[in-house]
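Following: one structure in structure tokens, then a few remarks.
Remember, predicted model here, so these are calculated numbers, not experimental data. First listed ligand is number 1; within each ligand, the first listed atom is number 1.
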Amino acid sequence: MNFTLKIWRQQSAKDKGKFCVYQVNNVSDDCSFLEMLDILNRQLLDKIEKPVCFDHDCREGICGMCGLYINGRPHGNDDGVTTCQLRMRCFKDGETIVVEPWRAAAFPIVKDLVVDRSALDKIIQAGGYISMNGNGAPDANTMLISKEVVDTAMDAAACIGCGACVAACKNASAMLFVAAKVSHLARLPQGKVEAAKRVQKMVQRMDELGFGNCTNSCACEAECPKQIKTGHIAKLNREFMAANLIEV
Ligand code: SF4
Ligand code: SF4
Ligand code: FES
């Protein structure tokens, strides 16, 4: 397969940045999107040109490091996959593909397609954890939890912190990310002890870091590679209201 790539190039956060056009030919339809970029970078290095910078780690849809805005969609035109899982067979032979970084005030561009997503880590540091004594794992039957609760909590726990929800949201809101973390922990007994403080601190930190507000358009749910549902945002809102009532 042959592709024309329009890729956002930006030397640093201060640089204005621009699209550059490249041609990549003879790409296998089984190639992942990142492997296709590897081929492009090999071509650029052979010509003593600067390779395109992009983030990645596991390349298995686990770590949440990869994240590109491809033809106007976070993680491209396949549903329920990360950029590293996206295959070139999802594109048409000869297609022009536009590749951009996540665009959100809270995710400043570092270089080319790499953005600084440490704002998500700061939200986690504000409360996305539980406190417990560090001993051996207790027997499973000492803490009975219904299957329905476990399933919903584990659906939320699938969030890999990629930031696609922020990139998809017209308000650059991190509500789906925060909701996934809050909903996961608040549903389980281990997370209930600090639930009220957690939701208050995480929402406060999200606001401080420059993410927008949620206006319920659900673009985040449509683009989330782990298909996390906006129902978790409703859970976050309920947890937040209940926490504020406790305080009153
Ligand atoms: S909620 Fe989905 S899109 Fe948002 S950070 Fe988590 S996995 Fe990524
Ligand atoms: S529901 Fe819509 S407005 Fe709310 S965070 Fe998701 S994309 Fe943004
Ligand atoms: S590189 Fe880890 S999820 Fe894509």
Side-chain angles (χ1 to χ4, degrees), residues 31-38 41 52-70 72-88 90 99 101-107 113-126 128 152-186 202-203 205-207 209-238 240:
C31 249
S32 75
F33 200 84
L34 298 189
E35 286 165 344
M36 185 275 298
L37 289 179
D38 291 339
N41 278 345
V52 177
C53 292
F54 59 91
D55 249 338
H56 61 100
D57 192 354
C58 71
R59 297 202 175 199
E60 292 180 333
I62 298 167
C63 71
M65 286 297 289
C66 65
L68 300 176
Y69 210 77
I70 302 164
R73 287 188 66 184
H75 295 302
N77 59 352
D78 201 2
D79 291 333
V81 297
T82 53
T83 300
C84 60
Q85 295 172 304
L86 183 67
R87 300 289 143 182
M88 296 317 295
C90 295
V99 192
W102 285 172
R103 297 203 189 270
F107 292 162
L113 303 173
V114 178
V115 300
D116 179 357
R117 288 174 299 133
S118 59
L120 298 185
D121 299 330
K122 289 174 186 154
I123 295 173
I124 293 292
Q125 285 162 4
T152 313
M154 290 303 110
D155 285 348
C159 169
I160 53 174
C162 64
C165 47
V166 179
C169 177
K170 62 181 179 179
N171 310 319
S173 171
M175 276 293 264
L176 192 64
F177 167 78
V178 178
K181 305 301 173 192
V182 165
S183 176
H184 162 212
L185 296 175
M202 290 182 81
V203 168
R205 199 74 183 105
M206 172 177 67
D207 291 342
L209 289 163
F211 292 102
N213 292 323
C214 173
T215 49
N216 297 315
S217 62
C218 294
C220 53
E221 177 180 306
E223 302 296 10
C224 172
K226 299 300 165 185
Q227 302 189 313
I228 292 177
K229 304 288 177 230
T230 42
H232 293 290
I233 295 180
K235 172 71 173 167
L236 166 69
N237 288 333
R238 287 196 298 275
F240 188 70

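Among the backbone and side-chain atoms of S217, an N, O or S atom lies under 2.8 Å from atom 2 (Fe) of ligand 2.
Closest protein heavy atom to atom 6 (Fe) of ligand 1: C159 SG, 2.3 Å. Nearest protein neighbour of atom 8 (Fe) of ligand 1, counting heavy atoms only, is C162 SG, 2.4 Å. Closest to atom 3 (S) of ligand 2 among all protein heavy atoms lies T215 N, 3.1 Å. The protein atom (non-hydrogen) at minimum distance from atom 4 (Fe) of ligand 1 is C165 SG, 2.4 Å. At the shortest separation from atom 7 (S) of ligand 2 among protein heavy atoms lies C220 N, 3.3 Å. For atom 1 (S) of ligand 2, the nearest non-hydrogen atom of the protein is C218 N, 3.2 Å. Atom 1 (S) of ligand 3 has R59 N, 3.1 Å as its closest protein atom, hydrogens excluded (heavy atom only).
Smallest separation of non-hydrogen atoms from H75 and E223: CD2-O, 4.3 Å. Considering all non-hydrogen atoms of both residues, P225 and A164 come closest at CD-CB, 4.2 Å. In this structure, Y69 and P101 approach most closely via the heavy-atom pair CB-O, 3.8 Å.
Per-residue contacts place P225 under 4.0 angstrom from the following atoms of ligand 1 (heavy atoms of the residue considered): 3 (S). Numbered from 1 in the order shown, with element, the atoms of ligand 3 that lie under 4.0 Å from a heavy atom of G61 read 3 (S). Each of the atoms 5 (S) of ligand 2 lies under 4.0 Å from some heavy atom of S173. Interface of I160 with ligand 1, defined as ligand atoms under 4.0 Å from a residue heavy atom, comprises 6 (Fe), 7 (S). Of all atoms in ligand 3, numbered sequentially from 1 with element shown, those under 4.0 Å from a heavy atom of I62 are 3 (S). Taking a cut-off of under 4.0 Å to the non-hydrogen atoms of D57, the atoms of ligand 3 that pass are 1 (S). Close contacts of ligand 2 with N171, meaning ligand atoms under 4.0 Å from a residue heavy atom, involve 3 (S). Residue-ligand proximity, G163 to ligand 1, at heavy-atom distances under 4.0 Å covers atoms 5 (S), 8 (Fe). Proximity to G161 (heavy-atom distance under 4.0 Å) selects the following atoms of ligand 1: 5 (S), 6 (Fe).
A donor and an acceptor atom, one from each side chain of S118 and D116, are located under 3.5 Å apart. T230 and N216 share no donor-acceptor pair across their side chains, judged by distance under 3.5 Å alone.
Using a cut-off of 4.0 Å between Lys/Arg side-chain N and Asp/Glu carboxylate O, R59 and D38 are scored as salt-bridged. Residues D78 and R73 are not paired through a salt bridge, judged by the lack of any N-O separation under 4.0 Å between the basic side chain and the carboxylate.
For the ligand labelled ligand 3, residue T83 lies outside the 4.0 Å heavy-atom shell. Not a single heavy atom of A180 sits less than 4.0 Å from an atom of ligand 1.
The main-chain N or O of V114 is never found under 3.5 Å from a side-chain atom of D55 such that the two would form a donor-acceptor pair. T83 contributes a side-chain N or O that, together with a main-chain N or O of L68, makes up a donor-acceptor pair within less than 3.5 Å. Side chain of N213 to backbone of N171: no donor-acceptor contact under 3.5 angstrom is found. Proximity of a side-chain donor or acceptor of K226 to a complementary backbone N or O of G61 within less than 3.5 Å is detected. Distance alone, capped at 3.5 Å, places no donor-acceptor pair between the W102 side chain and the R117 backbone. Put simply, the side chain of Q85 gets close to the backbone of T82: a donor and an acceptor are under 3.5 Å apart.
At a heavy-atom cutoff of 4.0 Å, ligand 2 is contacted by the backbone of N216 but not by its side chain. By the criterion of a heavy-atom distance under 4.0 Å, both the backbone and the side chain of C224 are placed next to ligand 1. Neither the backbone nor the side chain of L34 comes within contact range of ligand 3; no heavy atom lies under 4.0 Å.
Separation of the F54 and F33 ring centroids does not fall under the 6.0 Å cut-off.
Put simply, the angle at atom 2 (Fe) of ligand 3 from SG in C58 to SG in C63 is close to 100°, to the nearest 10°.
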